[in-house]
Amino acid sequence: MTRIAAPIASVPQWRHLALGDVDSTNAEAMRLARAGEPGGLWVTARRQLEGRGRRGRHWVSEPGNLYASLLLELSPRDAIGNLPLVAALAVHRALRPLFGRAAHALSIKWPNDILVDGAKVNGILLESVQLSADRLAVVIGCGINCAHHPADTLYPTTDLRSCGIEIDPLEMFGRLAPVMAETIAQWDRGRGFAAIRQDWLRAAHGVGSEVRLSLQDDMLVGTFEDIDPAGYLCLRLASGELRRISAGDLFF
Ligand code: BTN
């Protein structure tokens with residue numbers, strides 16, 4: 001079957017491959033990158049059969065929600081470590097107009113979950129593969145709960161319909177794509193990260209509060225003091241030591 005990626009009217013420099021069922025839009029974008037796809041490509045699917053979440057978790061992916069992965073071709077010299085925060089800010093910016101005067105209910109939970117009144121409405125999974133010495137394929141996978149959300153999750157979860165917002169996944173994609181393009185252009189491979197960090201911090205949940213941070217093989221407790229200029233979370237432990245953390249699950 002021939003699959004055609006169509007130009008995106010609002011973002012002419014990017015294309016969109018809209019799929020029905022797929023294992024994972026992130027997996028598909030990675031396969032395309034390895035097969036020579038140059039990037040600037042969004043892959044969306046109606047349903048994912050093996051949706052991937054952070055830290056190897058499964059992402060429930062029945063029809064009705066948005067499953068979208070953006071493939072970018074970057075350089076290993078770019079400030080890739082900023083991207084979780086860049087992507088979160090883009091999703092936050094895309095959701096804000098939908099909430100209108102209730103936009104204050106939206107916040108960002110480090111590193112890249114968007115919360116509505118404290119409940120998670122989206123997930124972002126970044127993956128990358130080095131294609132050559134100076135070419136890195138990066139996939140930004142975004143799941144936005146438009147119509148439903150899973151039960152029994154690690155963290156309280158919600159969806160846009162439960163918040164009184166009716167939006168079709170492809171209409172949500174139509175809002176996300178241009179805002180993601182603007183935010184990535186603002187990031188400018190790291191040169192514009194200072195302004196992104198400021199906006200991210202303005203929208204952040206829980207800066208200054210006591211948190212638990214679950215790492216791959218450790219659990220830390222401390223005060224979430226700041227996000228440093230490189231995008232790391234600064235955690236002040238009870239001992240007074242300041243830890244800079246790049247990835248983990250945050251609990252308030
Ligand atoms: C998380 O655990 O919070 C991240 C979830 C990311 C889910 C999205 S849905 C589109 C893309 N494809 C995947 O397999 N995962 C991401």
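Counting starts at 1 for both ligands and their atoms, following the listed order. What you are looking at is a predicted structure, and each value in this text was computed from that prediction instead of being measured.
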Query raised in the report: Are any of the N/O atoms in Glu50 less than 3.5 Å from those in ligand 1?
Result: no
Query raised in the report: Which ligand 1 atoms, with their elements, are less than 4.0 angstrom from a heavy-atom of Asn26?
Result: 11 (C), 12 (N), 16 (C)
Query raised in the report: Going by an N to O cut-off under 4.0 Å, is there a salt bridge joining Arg52 and Glu127?
Result: yes
Requested in this report: Report the nearest protein non-hydrogen atom to atom 8 (C) of ligand 1: residue, atom name, distance rounded to 0.1 Å.
Outcome: Gly143 N, 3.6 Å
Report task. Using a strict 4.0 Å cut-off to heavy atoms of Cys142, name the atoms of ligand 1 that fall inside it. Result -> 8 (C), 9 (S), 10 (C)
Query - Check: His149 main-chain N/O paired with Asn145 side-chain donor or acceptor under 3.5 Å - result: no
Query raised in the report: Which distance, rounded to the nearest 0.5 Å, do you find between the CD of Glu225 and the CG of Leu235?
Result: 8.5 Å
Requested in this report: Would you mind running through ligand 1 and noting each atom that sits below 4.0 Å from a heavy atom of Ala68?
Outcome: 10 (C)
Query raised in the report: Charged N to carboxylate O below 4.0 Å: is that the case for Asp23 and Arg31?
Result: yes
**Report entry** Asp249/Lys109 salt bridge by N-O under 4.0 Å criterion
**Finding:** no
Query raised in the report: Any side-chain donor paired with an acceptor under 3.5 Å for Glu50 and Ser24?
Result: no
Report summary line: heavy-atom search around atom 5 (C) of ligand 1 in the protein gives Trp59 CE3, 3.3 Å
Report summary line: ligand 1 to Gly51, heavy atom cutoff 4.0 Å, flagged ligand atoms 14 (O)
Requested in this report: Report the nearest protein non-hydrogen atom to atom 10 (C) of ligand 1: residue, atom name, distance rounded to 0.1 Å.
Outcome: Thr25 OG1, 3.3 Å
Query raised in the report: Roughly how far, to the nearest 0.5 Å, is CG of Leu41 from CG of Leu72?
Result: 10.0 Å
**Report entry** Cationic N near anionic O, under 4.0 Å, Arg15 to Glu37
**Finding:** yes
Report summary line: Ser24 heavy atoms within 4.0 Å reach ligand 1 at atoms 12 (N), 13 (C), 14 (O)
Query - Heteroatom distance test (Arg54, ligand 1): nitrogen or oxygen, under 3.5 angstrom - result: yes
**Report entry** Test item: side-chain donor near acceptor, Asp78 and Ser75, under 3.5 Å
**Finding:** no
Report summary line: For Gly123, the atoms of ligand 1 under 4.0 Å from one of its heavy atoms are 3 (O), 4 (C), 5 (C), 6 (C)
Query - Residue part near ligand 1, for Ala27, under 4.0 Å between non-hydrogen atoms - result: neither
Report summary line: Near Arg52 (heavy-atom distance under 4.0 Å), the atoms of ligand 1 are 5 (C), 6 (C), 7 (C), 13 (C), 14 (O), 15 (N), 16 (C)
Query raised in the report: Would you call Arg197-Asp226 a salt bridge at under 4.0 Å N-O?
Result: yes
Query - Test of proximity, Arg57 against ligand 1: N or O pairs below 3.5 Å - result: no
Report summary line: Near Ser69 (heavy-atom distance under 4.0 Å), the atoms of ligand 1 are 11 (C), 12 (N)
Query - Under 3.5 Å: N/O of Lys120 near N/O of ligand 1 - result: yes
Requested in this report: Ignoring hydrogens and angles, state whether a donor on the side chain of Ser69 or Glu28 is under 3.5 Å from an acceptor on the partner side chain.
Outcome: no
**Report entry** Protein contact of atom 9 (S) of ligand 1 - nearest heavy atom, named by residue and atom, plus distance
**Finding:** Gln48 NE2, 3.4 Å
